[in-house]
Amino acid sequence: MREILSMGIGSHLDVYLRVPEIRDTFEALRELCNSDVKKLELEEQVALTCAEALRYAYRMSKELGLEKETFMEGLTSLMDAEDRDYRLHHYN
């Protein structure tokens, strides 16, 4: 978790979170965290919110009867697609 919280200076979160749909989603997901998260720096809030969202998704997958391997395959596939989209958007 410490690695997640130590994002480099100059992140673009403040710009990214100005998109209304992204900001609304972040604020909704932030409610999954304890109330102290709002006292943290923005990068730390996002990191903890992402971790809690992933934990919630994993718990829900268990309720659906998915095995860990199936969840991880789906997560890997999703992350690969996001990486491709990010590279296309930022490097092409």
Side-chain angles (χ1 to χ4, degrees):
M1 181 64 83
R2 189 175 307 271
E3 296 85 22
I4 293 174
L5 295 178
S6 62
M7 293 180 61
I9 295 174
S11 73
H12 302 286
L13 285 174
D14 57 337
V15 175
Y16 189 62
L17 289 172
R18 289 183 195 151
V19 177
E21 295 84 7
I22 293 171
R23 183 69 186 186
D24 292 346
T25 301
F26 167 66
E27 288 177 356
L29 290 172
R30 189 170 57 182
E31 295 302 316
L32 295 172
C33 302
N34 63 38
S35 60
D36 292 339
V37 75
K38 293 178 183 176
K39 297 176 184 175
L40 301 174
E41 295 294 325
L42 180 61
E43 286 82 2
E44 293 172 320
Q45 288 183 34
V46 170
L48 289 174
T49 297
C50 290
E52 286 299 320
L54 188 55
R55 180 179 292 134
Y56 180 78
Y58 185 66
R59 285 181 182 167
M60 294 304 293
S61 76
K62 290 298 184 189
E63 293 299 320
L64 292 171
L66 295 178
E67 297 294 325
K68 179 181 179 178
E69 293 77 20
T70 304
F71 178 82
M72 293 305 292
E73 287 172 12
L75 181 59
T76 299
S77 177
L78 179 83
M79 290 170 62
D80 289 345
E82 287 298 319
D83 286 344
R84 278 190 304 275
D85 288 347
Y86 186 85
R87 281 192 304 272
L88 284 172
H89 186 287
H90 294 283
Y91 298 109
N92 289 330

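With values rounded to the nearest 0.5 angstrom, Arg55 atom CZ is found 12.5 Å from Cys50 atom SG. Considering CG of Asp80 and CG of Asp85, their distance stands at 11.0 Å, rounded to 0.5 Å. The line from CZ of Arg84 to CE of Met79 is 12.0 Å long, rounded to the nearest 0.5 Å.
Proximity of Tyr58 to Lys68: side-chain heavy atoms (C-beta onward) are separated by under 4.5 Å at one or more points. Contact annotation: the side chain of Tyr86 never approaches that of Glu82 to less than 4.5 Å [non-hydrogen atoms, C-beta and beyond].
One hydrophobic cluster holds both Val46 and Tyr16 under the rule that ILVMFWY side chains link at heavy-atom gaps under 4.5 Å. Cluster annotation: Leu29 and Leu54 are assigned to distinct hydrophobic clusters (Ile/Leu/Val/Met/Phe/Trp/Tyr, side-chain heavy-atom contacts under 4.5 Å, transitive). In the hydrophobic clustering of ILVMFWY residues, with side-chain heavy atoms under 4.5 Å counting as a link, Met72 and Leu64 come out apart. Tyr56 and Phe71 are assigned to two separate hydrophobic clusters, defined by single-linkage of ILVMFWY side chains at heavy-atom distances under 4.5 Å. Follow the hydrophobic side-chain contacts under 4.5 Å out from Leu75 and you never reach Met60; the two are in separate clusters.
Side-chain atoms of Thr25 come within 3.5 Å of backbone N or O of Glu21 as a donor-acceptor pair.
Surrounding CD of Glu41 are at most 12 heavy atoms belonging to other residues, nucleotides or ligands under 6.0 Å away.
For the residue pair Gln45 and Thr49, the shortest heavy atom distance occurs at O-OG1, 2.7 Å.
Contact check on Arg23 versus Glu27 returns a salt bridge, with a Lys/Arg side-chain nitrogen under 4.0 Å from an Asp/Glu carboxylate oxygen.
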